[in-house]
Amino acid sequence: MPKLKVITFGCQANELDSERIAGLLASQGYQAAEAMEEADLIILNTCSIREKAEQKVYSQLGKLQILKRQKAGLVLGLSGCLAQQEGERLKKRFPCLDLVAGPQDIGRIPALLAQARGEESYLPFGNEDWHGIEPCRESRIKAWVGIMEGCDNFCSYCVVPYTRGRERSRPPEDVLLEIEGLLTRGYREITLLGQNVNSYGKGLRPPVTFPELLYRIETLVGGRLWVRFATSHPRDLTPQLVEALAELGSLCEHLHLPIQSGSTRVLRLMNRGYTREDYLARVNLVRSRVPKISITTDIIVGFPGETEGDFQDTLSLLQEARFDNAFSFKYSPRPRTAAAAFPDQLPEGLKSSRLQGVQRLQAQISLEKNRTLLGREVEVLVEGEGERGFLTGRTRQNKIVHFQGSGQKAGGLVLVRLEEAFPYHLKGRVVT
Ligand code: SAH
Ligand code: SF4
Ligand code: F3S
């Protein structure tokens, strides 16, 4: 049997896509290769969210080019957002590539492979078809469940609407059927995935909203697994969604709600559709209804024209919102996006020092937040072995916990008393 290796870059959507690619090719007779050297087919599932993500792919391609020279018959493919962004011209630049397929072309990969082998082949899918593909999942505990694809928001810095196309929601019946299958196979956690999950439902007949989908999922799973979702757009955070978070027992107490900047002026330039005050009001509403909720965010520093005052607004926002964690990035100009053409692009050095400022402050806040949890007993879903005999898992709030194990198995729920706090994880002891 031919062997396949998929190498994944980028976000959770890409991790799911890699599992879809593996699932699709398994149905064509491909087996998973452990090492790259064993593979007959290697697919790089790529990301282009920032320049650096793109560079990582090119450097990996350079290595594979050498491998391909050594191994006759090795087939090299490139899928994902960079494939969509660059298209067929990638083959010119990297003649070692046999096929290029964007995120919307996953269903066509078998046909593209046949073409690469020089066979006559028709393309069985006119368009994407993720309904029919059973993902070949990496984990037996946690599963991604795609509920929508694409994005219509066109934030001025972001390449995703160009790489993943317009928003398409998956019918609720399909989503529920997939979750039912995961329950049967003993999965303990699902994460509903989409670029903008809380605008789920656009174009579906009969209409259905994201909170409505969550209530239907609750009825189906009834506490048998944990439910998470990512990512939510602050503008689409409705009172109904906050109620769902407060009411539904399966929904974990965690919300990833990217703000991007603490300056309303910059938010407007980013085309985010909310102000600093709107955002803070929503955070306060969520916290008042779900006191235990942990909230995480994304921050971009060095957006074109970001002044020292705008940057200070981001720092003060972090102080005010007190996120459990923040993922922060230096602004990176992307092809076709509006902001790439904005005047007053900031120098790299300034972006770096602002990034450091954000990261230093957030590490301190994250540590303080984690310290408030010390002494508590929390449920941890065991994920596996960590370092030096420790087991590792996550709480419902999505906090990483390391604890001394005594025979606990991955996939089990244990009660852990939290004893030591760090910015990005906690340590504890199993309560017997
Ligand atoms: N759909 C999600 C996430 C998209 S990408 C959302 O809207 O929240 C994940 C994060 O990458 C974004 O939240 C943003 O903080 C960051 N990002 C996107 N484009 C970027 C760019 N051009 N430069 C730097 N960071 C960027
Ligand atoms: Fe990009 Fe904005 Fe869409 Fe998120 S909401 S994927 S940041 S365009
Ligand atoms: Fe990257 Fe595409 Fe995800 S650009 S972050 S892989 S949506």
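Along the sequence shown, residues carry numbers from 1. We use all heavy atoms of the structure for the numbers below, so side chains are in, but hydrogens, waters and symmetry mates are not. Numbering of ligands and ligand atoms starts at 1, following listing order.
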Part of [X] with heavy atoms under 4.0 Å of ligand 1, whether side chain, backbone, both or neither:
X	value
Gln195	both
Pro258	side chain
Phe329	side chain
Thr337	neither

Please check this pair: side chain of [X] against backbone of [Y], looking for a donor-acceptor N/O pair closer than 3.5 Å.
X	Y	result
Arg188	Gly411	yes
Arg168	Arg166	yes
Lys5	Glu34	yes
Gln362	Phe323	yes
Arg50	Tyr331	no
Glu379	Arg396	no

Look at [atom] and say which protein heavy atom is nearest, naming residue and atom and giving the distance to 0.1 Å.
atom	result
atom 7 (O) of ligand 1	Arg272 NH1, 3.9 Å
atom 13 (O) of ligand 1	Asp298 OD2, 2.6 Å
atom 14 (C) of ligand 1	Gln260 OE1, 3.4 Å
atom 3 (Fe) of ligand 3	Cys11 SG, 2.3 Å
atom 1 (Fe) of ligand 2	Cys158 SG, 2.3 Å
atom 24 (C) of ligand 1	Lys330 O, 3.3 Å
atom 5 (S) of ligand 1	Ile49 CD1, 3.5 Å
atom 3 (Fe) of ligand 2	Cys151 SG, 2.3 Å
atom 7 (S) of ligand 2	Tyr157 OH, 3.3 Å
atom 5 (S) of ligand 2	Asn153 ND2, 3.3 Å

Any atoms of ligand 1 less than 4.0 Å from a non-hydrogen atom of Arg334? List them with their elements. 22 (N)
Within reach of ligand 2, part of Pro161 (heavy-atom separation under 4.0 Å):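 Just the side chain.
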Heavy-atom contact check, 4.0 Å cutoff: does Ile300 meet ligand 1? yes
Would you say [X] and ligand 1 have an N/O pair spaced under 3.5 Å apart?
X	answer
Arg50	yes
Ser332	yes
Tyr157	yes

Contact with ligand 3 for Ser48, non-hydrogen, under 4.0 angstrom: yes
Using heavy atoms and a 4.0 Å limit, tell me yes or no: is Gln195 in contact with ligand 3?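 Yes.
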Give the single entry among Thr231, Val301, Thr297 that approaches atom 6 (C) of ligand 1 most closely by any heavy atom. Thr231
Ignoring hydrogens, just give me the one of Gly150, Ser156, Cys155, Gly273 whose non-hydrogen atom is nearest atom 8 (S) of ligand 2.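 It is Cys155 that holds the nearest heavy atom.
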With a 4.0 Å cut-off on N to O distance, would you call [X] and [Y] a salt bridge?
X	Y	value
Glu253	Arg287	no
Glu134	Arg185	yes
Glu368	Arg322	yes

May I ask you to check if Arg140 and Tyr187 form a cation-pi contact, with NZ or CZ under 6.0 angstrom from the six-membered ring centre and within 45° of the axis?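 Not flagged: Arg140 not positioned over aromatic ring of Tyr187.
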Is Cys47 close enough that one of its N/O/S atoms sits under 2.8 Å from atom 2 (Fe) of ligand 3?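 Looking at Cys47, which is the residue asked about, there is no N, O or S atom under 2.8 Å from atom 2 (Fe) of ligand 3.
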Which of the atoms in ligand 2, numbered in the order shown and given with their element, are less than 4.0 Å from a heavy-atom of Val160? 6 (S)
How are the rings of Tyr274 and Tyr279 set to each other: parallel, tilted or perpendicular (split at 30° and 60°)? tilted
Near Cys81, which atoms of ligand 3 are under 4.0 Å from a heavy atom of that residue? 2 (Fe), 4 (S), 6 (S), 7 (S)
